[in-house]
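Report on the structure given below.
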Amino acid sequence: MQQNFYEQVYEIVKLVPKGRVTTYGAIAKALGMARSSRLVGTAIIQAHDPNLKVPAHRVVNRNGLLTGKHHYQTPTQMQDLLEADGIEVKDDQVQNFKKVFWDPLTEL
DNA sequence: GTGTTGACCCCAA
DNA sequence: TTTGGGGCCAACA
């Protein structure tokens, strides 16, 4: 199954509904690699390919902090995309994070 | 093949 | 509360 675990990560992220966000740890746990949450981040970095259509902006760290915004074309890209989805972002932090948080383990 | 890095997470002080 | 250290495993040099 996990021939490309990148693809597994992409699948989960693509399942994230609009107006919701998920975390690296949640994805890692959903894939059974809870202790390898860093790999999820690495996978997301490679997810910049438009062909994959992976909404990487909907993936944040455990604190709801936009850790990867600096990896975007512009530092405001990620926040802008999140706000476009109806997610409040303040000071690189997702507001109402508990509300917009989408847990693949619970929702799936 | 070895060493360093990293969109992270958890625990202790 | 904020800081510091350890662990985890793939990708990169």
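To find a chain, count down the sequence lines: A is the first, B the second, and so on, and within it residues start at 1.
Annotation: dT5(B) and dG5(C) have their P atoms spaced 16 Å apart (nearest Å).
Of the possible polar contacts, none joining the Asp85(A) side chain to the Ile87(A) backbone as a donor-acceptor pair under 3.5 Å is found. Tyr72(A) places no side-chain N or O within donor-acceptor distance of the main-chain N or O of Gln79(A), the cut-off being under 3.5 Å. Between the Arg58(A) side chain and the Val16(A) main chain, a donor and an acceptor come within less than 3.5 Å of each other.
Annotation: proximity of residues 26-60 of chain A to DNA chain B (heavy atom, distance under 4.0 Å) is found for Ser37(A), Arg38(A), Gly41(A), Ile44(A), Ile45(A), Ala56(A), numbered in ascending order.
One can place CZ of Phe5(A) at 7 Å from C1' of dC9(C), the figure rounded to the nearest angstrom. We find that CD1 of Ile12(A) is positioned 17 Å from C1' of dA7(B), with the value rounded to whole Å. For Glu7(A) and dA10(C), the CD to P distance is 17 Å, given to the nearest whole Å. Residue Arg62(A) contributes atom CZ, which lies 9 Å from atom C1' of dC9(B) at whole-angstrom precision. Straight-line distance from the CG atom of Asn61(A) to the C1' atom of dG6(B): 14 Å, rounded to whole Å.
Across every non-hydrogen atom of Ala56(A) and Ile44(A), the tightest pair is CB-CG2, 3.6 Å.
Contacts of Tyr72(A) with the nucleic acid, taken as non-hydrogen atoms under 4.0 Å apart, include base atoms.
Using a 30° and 60° split on the angle between ring planes, Phe97(A) and Phe101(A) fall in the tilted class, from 30° to 60°.
With a 6.0 Å radius and a threshold of 12 heavy atoms from other residues, nucleotides or ligands, Lys99(A) has its NZ atom at or below the threshold.
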